[in-house]
Amino acid sequence: METLSGVVERITFCNEENGFTVIKVKSKGFSELVTVVGNLAAVNVGATVKVRGEWKVDSKYGRQFNAVEYYETVPATVAGIEKYLGSGLIKGIGPVYSKKIVRKFKEDTIRIIEEEPDRLSEVEGIGPKRLEMIKNAWQEQKEIKNVMLFLQGNGVSTAYAVKIYKAYGNESISVVKSNPYKLADDIWGIGFKTADKIARHLGYDKNSFERCRSGILYVLNELVNEGHCYAGKTQLIEEAGKMLEIDRDLIDSTICRMIDQGAVIADVGDSIYLPPFYYSEVGVARRIKEILSVKSFYNSFSLDRVLEQVQRECRVKYDDVQLEAIKTAAKSKFMVLTGGPGTGKTTTTLGIIRVFQKISAKVLLAAPTGRAAKRLSETTGMEAKTIHRLLEYKPPDGYKKNEDNPLDCDVVIIDETSMVDIILMYNLLKAVPDHAIVILVGDADQLPSVGAGNILKDTIESGIVSVIRLTRIFRQALDSTIITNAHKINNGQFPALKGRKKDDFFFIEEEEPEKIVEIIKGLCTSRLPSYYKVDPVRDIQVLSPMQRGEIGTSNLNLALQEALNPSDVCIKYGGTIYKLKDKVMQVKNNYEKNVFNGDIGIITRIDQEDKVVTISFDENEVEYDVTELDEVVLAYATTIHKSQGSEFDIVVAPIATQHYIMLKRNLLYTCVTRAKRAIVLVGTKKAIAIAVSNNKTQKRNTMLAERLRV
């Protein structure tokens with residue numbers, strides 16, 4: 001093998017998943033920059049490298065030096081040091097401060113940072129806060145580089161290095177070596193498969209208890225991500241066996257051991273739960289029964305007289321079903337109000353609120369998301385909070401409102417209940433006083449929650465609570481093709497696709513995925529914004545049935561980002577470029593930041609010196625360190641599932657046979673009902689017909705309905 005030495009001038013390409021990197025090196029004896037390729041993920045611009053490898057000629061890219069191993073030293077020249085420090089290596093030092101520091105200390109810069117870091121305060125603009133940030137970051141980058149090299153040697157993405165270091169600090173490598181499966185337990189974003197890859201490299205026994213336990217937990221968590229509260233034991237053994245490729249008896253014995261340790265809980269019918277989901281499901285059933293067991297505070301006040309007053313004051317005439325709903329709410333302890341768009345759910349809810357106000361009952365309103373809460377507030381004229389805000393969630397203490405400190409109310413009304421998962425519902429019901437009336441409002445025909453459980457459907461099916469289903473479409477709603485088509489879809493009928501100019505439901509026929517992408521770009525950039533006079537980023541939402549594929553959200557986001565956001569202020573993380581003014585979505589509940597899975601925001605600031613991105617979620621401004629950006633994804637396009645509970649002025653949705661596996665009636669129904677002013681479907685009639693005729697919804701593993709009946 002040959003050796004090549006030089007200074008890294010630029011990094012042309014870096015795949016953070018496998019560490020493959022292409023760099024340009026200025027080397028003595030070469031008139032042009034030398035292209036070096038290989039596993040060089042931890043290398044930095046401006047560094048001096050010594051690379052061992054061999055020359056190869058690539059048919060496309062020409063002569064390259066193929067690196068097998070490399071060694072990096074800090075640069076010696078003033079220009080090299082400035083480039084090295086300004087490359088983003090150290091949080092707190094970007095191009096501006098790099099220039100200032102090197103101008104002050106010249107060739108002695110690296111020694112000063114290493115041995116006398118406090119002297120950096122001599123540089124203009126570096127105060128105590130930035131000095132501390134630089135000192136910490138300098139130490140961190142050295143340790144992170146060690147973790148990177150360790151991961152690289154074990155065939156794992158170097159992008160995980162920062163997360164591992166943040167979790168375990170200087171003990172990172174020893175912790176991972178002692179039990180790599182701990183990564184899957186402790187660090188969000190690092191799953192069983194990554195931990196297993198490290199374990200194999202380290203020579204772990206494929207039949208070890210640690211590996212089997214971690215694989216079983218992985219399968220259970222994957223099922224939770226699909227909405228299930230539990231796995232059947234046979235199902236769990238089968239799934240884990242396929243993935244782990246080990247004897248099924250070994251998996252069975254590991255499950256038994258995990259039950260003894262309390263890592264999982266076995267319940268009736270051979271069901272295996274992760275503890276939080278078992279306690280939440282049992283807890284929800286118990287709390288509903290406890291609330292039902294306490295007599296309603298409704299006495300014999302003249303409900304008919306109050307209803308007449310409310311109708312007169314609100315200038316509204318309720319129909320028989322709405323009147324029944326309002327009366328049922330006043331007399332029940334726990335009630336579900338459900339119905340599709342245009343059936344008067346909002347009007348009925350408002351009537352219920354007004355009746356309770358007339359008898360001086362204290363009413364609290366909440367919804368699962370900020371957008372849904374804002375909409376509820378606008379339609380009722382009352383304050384509505386997110387459920388987390390209602391329960392006064394404060395990390396790390398958790399929910400301040402609970403069984404020991406209940407909500408001060410007589411009535412709790414929760415809107416968009418189809419979005420609420422089992423764990424959030426349990427925390428809510430723990431905080432509801434026994435004497436209170438609970439009213440769940442939502443559309444039971446929509447997709448169920450992103451999180452585990454099927455609260456609305458299970459509560460209705462239990463048969464133990466009062467349920468009012470609104471079915472009549474009101475006259476003014478009949479003018480909307482969105483509403484009439486939504487009901488057609490829900491009833492298994494093919495929607496009316498011939499949209500006239502003044503309609504709000506449109507269909508563009510196209511079969512080729514590439515052309516569908518181009519049509520969607522044209523709709524979002526010019527046609528719809530110019531016709532409806534809307535902001536294409538804020539007011540238009542592209543919804544797709546899937547993430548993958550040419551017309552999946554991942555590819556559509558790249559196409560729409562390029563078309564809608566010309567900003568050159570950006571930051572890269574994990575293979576994604578995030579630009580100033582990008583539309584993004586949170587994909588993980590982050591209680592410390594008070595942002596939740598499905599929240600949509602706009603990037604309002606990118607600090608390239610400190611590697612911090614600021615995102616505005618409605619009125620909540622949140623800062624993200626660059627290493628936290630795997631919690632957000634671009635959201636010009638998002639999945640229909642993630643759009644639940646949100647309404648958008650205009651929706652554009654591809655619907656093609658490429659999405660066959662996802663084409664279901666409730667998915668198309670949910671998609672159509674997200675649009676307020678207009679929806680444009682782009683695809684084929686065949687795909688629409690498949691979705692309308694497919695009423696098979698995946699049954700979620702939940703036992704709430706059964707627990708409520710017992």
Side-chain angles (χ1 to χ4, degrees), residues 181-182 184-186 188 191-192 195 209-244 248-290 387 398-399 402-403 417-430 448-459 461-462 464 588-589 591 597 697-710:
Y181 295 106
K182 196 168 165 48
D185 292 347
D186 296 347
W188 185 82
F192 167 78
F209 170 73
E210 288 80 11
R211 179 173 187 265
C212 201
R213 174 189 177 278
S214 188
I216 289 163
L217 291 176
Y218 172 79
V219 171
L220 281 170
N221 276 301
E222 284 297 291
L223 288 167
V224 163
N225 291 336
E226 291 171 20
H228 302 291
C229 289
Y230 69 88
K233 191 175 182 184
T234 307
Q235 174 193 19
L236 182 56
I237 291 170
E238 191 58 36
E239 293 286 323
K242 274 192 287 190
M243 188 185 69
L244 294 167
R248 304 300 195 265
D249 289 341
L250 182 57
I251 295 168
D252 194 356
S253 63
T254 304
I255 291 170
C256 292
R257 191 169 161 188
M258 290 170 74
I259 292 166
D260 290 342
Q261 293 175 344
V264 296
I265 292 172
D267 200 45
V268 294
D270 257 5
S271 55
I272 306 292
Y273 285 80
L274 290 168
F277 300 95
Y278 172 79
Y279 291 119
S280 294
E281 192 175 84
V282 169
V284 166
R286 187 187 73 249
R287 286 300 298 133
I288 290 175
K289 289 179 190 173
E290 286 171 351
I387 296 172
Y399 297 98
N402 50 41
E403 58 267 58
T417 311
S418 61
M419 291 180 67
V420 182
D421 63 52
I422 193 75
I423 288 180
L424 184 56
M425 181 57 80
Y426 180 42
N427 282 294
L428 171 67
L429 293 180
K430 277 196 288 187
S449 59
V450 174
N454 204 347
I455 296 291
L456 199 60
K457 195 163 181 292
D458 287 350
T459 308
E461 285 184 1
S462 72
I464 73 159
K588 168 186 185 275
N589 286 342
Y591 298 102
N597 191 351
T697 54
Q698 183 194 15
K699 186 174 183 325
R700 292 191 165 191
N701 291 346
T702 72
M703 277 200 263
L704 179 60
E706 289 88 336
R707 293 185 196 281
L708 285 168
R709 289 189 203 110
V710 174

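Scope of the values below: all heavy atoms of this structure, side chains included, with no hydrogens, waters or symmetry mates.
- Residues Ile455 and Ile422 form a side-chain contact, since some pair of their non-hydrogen atoms from C-beta on lies under 4.5 Å apart.
- Scanning all heavy atoms of the two residues, the minimum distance from Pro276 to Ile423 falls at CB-CD1, 4.0 Å.
- Taking CG from Leu704 and OH from Tyr426, the interatomic distance works out to 13.0 Å, rounded to the nearest 0.5 Å.
- The residues Arg287 and Glu290 are annotated as salt-bridged, a charged nitrogen and a carboxylate oxygen being separated by less than 4.0 angstrom.
- Put simply, the side chain of Tyr399 reaches to within 4.5 Å of the side chain of Tyr591, judged on heavy atoms.
- In this view, Tyr278 and Tyr273 satisfy the ring-ring contact (aromatic ring centres under 6.0 Å, His included) rule, not counting sequence neighbours.
- Judged as a side chain to side chain contact (heavy atoms under 4.5 Å, CB included), and not counting sequence neighbours, the contacts of Asn701 are His228, Tyr230, Gln235.
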Can you give me every donor-acceptor pair (side chain of residues 217-226, partner residue at least two apart or in another chain, under 3.5 Å) with its distance?
from   : atom 1 : to     : atom 2 : distance (Å)
Asn221 : ND2    : Leu217 : O      : 3.0
Asn225 : ND2    : Asn221 : O      : 3.3

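- The heavy-atom pair separating Cys229 from Phe277 by the smallest distance is O-CB, 3.7 Å.
- Of the inter-residue distances, the one linking Ser462 atom OG with Ile288 atom CD1 reads 7.0 Å to the nearest 0.5 angstrom.
- The two atoms that bring Gly451 and Ser449 nearest to each other are O-OG, 2.8 Å, heavy atoms only.
- Under the 4.5 Å side-chain criterion, counting only non-hydrogen atoms from C-beta, Arg213 is not in contact with Tyr181.
- Annotation: side chain of Met703 is in contact with side chain of Ser271 (closest heavy-atom distance under 4.5 Å).
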Just list the side-chain donor-acceptor pairs under 3.5 Å for residues 251-260, sequence neighbours left out, or say none.
from   : atom 1 : to     : atom 2 : distance (Å)
Asp252 : OD1    : Lys233 : NZ     : 3.0
Ser253 : OG     : Asp249 : O      : 3.4
Ser253 : OG     : Leu250 : O      : 2.9
Thr254 : OG1    : Leu250 : O      : 2.7

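- The heavy-atom pair separating Ala184 from Ser214 by the smallest distance is CB-OG, 3.9 Å.
- Put simply, CD1 on Ile237 and NZ on Lys242 are 13.5 Å apart, with the number rounded to the nearest 0.5 Å.
- Atoms NZ and OG, from Lys430 and Ser280 in turn, are 7.5 Å apart once rounded to the nearest 0.5 Å.
- Applying the side chain to side chain contact (heavy atoms under 4.5 Å, CB included) criterion to Lys182, with sequence neighbours excluded, gives Tyr168, Val175, Asn179, Asp186.
- Atoms OG1 and NZ, from Thr417 and Lys457 in turn, are 15.5 Å apart once rounded to the nearest 0.5 Å.
- Remark: the Thr702 side chain and the Asp458 side chain contain an N/O donor-acceptor pair separated by less than 3.5 Å.
- Each salt bridge (charged side-chain N to carboxylate O under 4.0 Å, His left out) pair with one or both residues in residues 697-710, not counting sequence neighbours, appears once here: Asp267-Arg707, Glu281-Arg707.
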For side-chain contact (heavy atoms from CB on, under 4.5 Å), just list the numbers for Leu236 and Ile216, CA-CA rounded to whole Å, side-chain angles, deciding distance to a tenth of an Å, and then say yes or no. CA-CA 7 Å; Leu236 182 56; Ile216 289 163; 4.0 Å; yes

